[in-house]
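Below: the structure, in structure tokens.
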Protein chains: 2
Amino acid sequence: MASSASELSPRAREIVETARGLLEAEGPEALSMRRIADALGIKAPSLYKHLPDKRALEAALIAHGFEEIATAFAGAGDLAAVAAAYRAYANDHPHLYRLMTEGPLERERLEPGVETRAAAAIVAAAGGDEHTARAAWAFAHGMTILELDGRFPRGADLDAAWAAGIAAFDPR
Amino acid sequence: MASSASELSPRAREIVETARGLLEAEGPEALSMRRIADALGIKAPSLYKHLPDKRALEAALIAHGFEEIATAFAGAGDLAAVAAAYRAYANDHPHLYRLMTEGPLERERLEPGVETRAAAAIVAAAGGDEHTARAAWAFAHGMTILELDGRFPRGADLDAAWAAGIAAFDPR
DNA sequence: GTCTATACCCGGATAGAC
DNA sequence: GTCTATCCGGGTATAGAC
């Protein structure tokens, strides 16, 4: 498990932080080994003394994001509050959110439990029913990614769409 | 509007069909100008005599997919039927579905109305309420893309999750 | 309408010296 | 822990001959 986030050296952590800054500021094209090295004032090959490959770096970014989103959910009781926290996190960190949620996830690269901790608040808000929780997550992710990608019609009232979905899953 | 799908030359249409075959059979990495040309037995630069650039080709694939999904919705009355058709289309054409729904959409490249026609069945199934329709679409897209990407836990009962979401949006 | 040749980007990663 | 030099791959696109 040398690639698991908890075992990164201090220097590797610096690299990951720099990578995160680049990703958030400039998007996924900036997340190249060359650009990261440039930002650190070193050459790309030097990065490989600290991280085995690029995927390990991405895994560290993803794991950190999961921990952050779990923290963002803390204190959110009902589904509306969890959804608001979810939406806010994604809008605050759009490029990171995409990295976290798009495409297959290499779970072997993550510390166990990281994904579950992020999901826990959603399951709780769904009243503990796993099926409803998955459906609610799908709704939240769908709204989020379609919003980030500009897929809804111009001028669409997305607050109202979020509210409609939340009301559907959490009538009361 | 020379790049709009309706105005493609016969040869351009062959190219688009070949591209679609490659995309569906081998995934997005196969959707390169070199690979498409290879499959046609010509060289990549020759493609540019028929299509202005790669984005035009992608736009044609996307527009065709939208028409197909609109057709797939025909006859689906309630939300459950529309959702089933949506899920089936995406699972039958996963790479195309991703191309159609991931990232920003260059609407200038599409014939007007194509997107609206695909959406019409969802709006109708949502009882005509645009906010609920957007929320329901987000749910369906979220379920679909998370399913395609293997994001749900191994062994999760996704039929049950779909059913939970459908019940939430269309109680009765 | 096709070709060859080419220009111009980009990327991840390794070997071996210091 | 950093470097230089390099290898490998990929891609979109254009010019100009045939």
Side-chain angles (χ1 to χ4, degrees), chain A residues 2-3 5 7-62 95-96 98-99 102-106 108-109, chain B residues 2-3 5 7-62 95-96 98-99 102-106 108-109:
Chain A
S3 57
E7 302 164 33
L8 295 180
S9 69
R11 185 59 167 149
R13 289 184 178 280
E14 284 179 54
I15 293 168
V16 172
E17 278 164 35
T18 299
R20 165 133 178 192
L22 272 173
L23 173 64
E24 299 224 37
E26 302 184 39
E29 324 79 43
L31 203 64
S32 80
M33 299 306 264
R34 295 189 217 255
R35 297 276 279 101
I36 295 164
D38 277 356
L40 285 157
I42 62 177
K43 303 297 176 184
S46 304
L47 298 174
Y48 292 88
K49 297 289 183 183
H50 307 284
L51 292 161
D53 52 31
K54 193 189 175 183
R55 315 257 257 193
L57 199 162
E58 290 173 342
L61 290 170
I62 291 168
H95 298 300
L96 179 61
R98 268 189 257 257
L99 180 68
E102 267 179 8
L105 181 64
E106 297 186 282
E108 331 78 61
R109 303 246 192 192
Chain B
S3 57
E7 301 165 33
L8 294 180
S9 69
R11 185 58 167 150
R13 288 185 179 278
E14 285 178 54
I15 293 168
V16 171
E17 278 163 35
T18 300
R20 165 132 178 193
L22 272 172
L23 173 63
E24 300 224 37
E26 303 184 37
E29 326 78 43
L31 202 64
S32 82
M33 299 306 263
R34 295 191 219 253
R35 297 277 279 100
I36 295 164
D38 278 356
L40 284 158
I42 62 175
K43 302 297 176 186
S46 304
L47 298 173
Y48 293 87
K49 297 289 184 183
H50 307 284
L51 293 160
D53 52 32
K54 194 189 174 182
R55 315 259 255 192
L57 200 161
E58 290 173 341
L61 291 170
I62 291 167
H95 299 300
L96 179 60
R98 269 188 256 257
L99 181 67
E102 269 179 6
L105 181 64
E106 296 187 282
E108 333 76 62
R109 304 245 192 191

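Residue numbers begin at 1 in each chain, while the letters A, B, ... track the order of the sequences.
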Contacting residues from residues 21-32 of chain B, given that a heavy atom lies under 4.0 angstrom of DNA chain C | none
Does anything in residues 36-50 of chain A reach DNA chain C, meaning a heavy atom under 4.0 Å, and if so which residues?
->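 Here the set is A:P45, A:Y48.
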Rounded at 0.5 Å granularity, tell me how far [atom1] in [X] sits from [atom2] in [Y].
X	Y	atom1	atom2	value
A:D53	A:L47	CG	CG	11.5 Å
B:L61	B:L96	CG	CG	6.5 Å
A:M33	A:L51	CE	CG	6.5 Å
B:R55	B:R109	CZ	CZ	6.5 Å
B:K43	B:R34	NZ	CZ	11.0 Å
B:I36	B:L23	CD1	CG	9.0 Å

Span of DNA chain D, from the first to the last nucleotide whose atoms fall under 4.0 Å of chain A heavy atoms |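 Listed 5' to 3', the contact boundaries are D:dG1 to D:dA5.
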Got B:R11 and B:K49 here, is their nearest side-chain heavy-atom distance under 4.5 Å?
->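 Answer no - side chains too far apart.
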Heavy atoms of B:H95 and B:P28 approach each other most closely as ND1-CD, 3.6 Å
Residue pair A:L31 / A:A19: nearest heavy atoms and the distance that separates them =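 Here A:L31 and A:A19 meet closest at CD1-O, 3.6 Å.
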With a 4.0 Å cut-off on heavy atoms, is A:R34 in touch with a base, just the backbone sugar-phosphate, or nothing at all?
->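 Result for A:R34 = base.
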If you measure from the Lys or Arg side-chain nitrogens to the Asp or Glu carboxylate oxygens, is any gap between A:R20 and A:E17 under 4.0 Å?
->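 A salt bridge is absent here (no side-chain N lies under 4.0 Å from a carboxylate O).
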Nearest-Å distance, NZ (A:K54) to P (C:dT14)?
-> 15 Å
